[in-house]
Amino acid sequence: MSQSSRWTSIGREILFSARSELYMNLPFLDGALAALPVQERDLFYRKYYYCQSTAQMAAELGLTERAVEGRLYRLRQTLRQQLGGDLYD
């Protein structure tokens with residue numbers, strides 16, 4: 001494994017750990033995510049939990065990158081409304 005690959009791997013582990021801790025401490029987020037349709041919840045986890053790129057998500061789901069970006073935008077709007085956040089992006 002090259003030095004840059006090792007640092008990338010370490011960075012992902014740290015980010016994954018930090019995000020896991022954040023989500024574990026936010027039960028209201030769990031409720032909002034549970035209320036989402038399965039496909040939207042899958043998009044959320046792919047992007048914000050597993051840190052997949054939009055391009056990778058699009059390729060795996062058979063969508064265009066623009067379609068994935070649009071779905072993520074609408075997903076964020078839905079979560080903002082459910083969690084009481086502002087509606088500005």
Taking atom OG1 of T78 and atom OH of Y73, what is their separation to the nearest 0.5 Å? 10.5 Å
Nearest heavy-atom pair of L43 and L72: which atoms, and what distance? O-CD2, 4.1 Å
Give, for atom CD of E40 and atom CG of L79, the distance between the pair rounded to the nearest 0.5 Å. 8.0 Å
Would you say the side-chain atoms of T54 and K47 include a donor-acceptor pair closer than 3.5 Å? yes
Answer yes when E60 and R46 have at least one side-chain N-carboxylate O distance shorter than 4.0 Å, and no when they do not. yes
Distance-only donor-acceptor pairs under 3.5 Å for side chains of residues 61-69, two or more places apart:
unit_1	atom_1	unit_2	atom_2	d
T64	OG1	A67	N	3.0

Pair Y50-Y45, side chain to side chain contact (heavy atoms under 4.5 Å, CB included): steps then yes or no: CA-CA 6 Å; Y50 297 111; Y45 282 114; 4.2 Å; yes
Between CG on residue L33 and OH on residue Y48, distance to nearest 0.5 Å: 11.5 Å
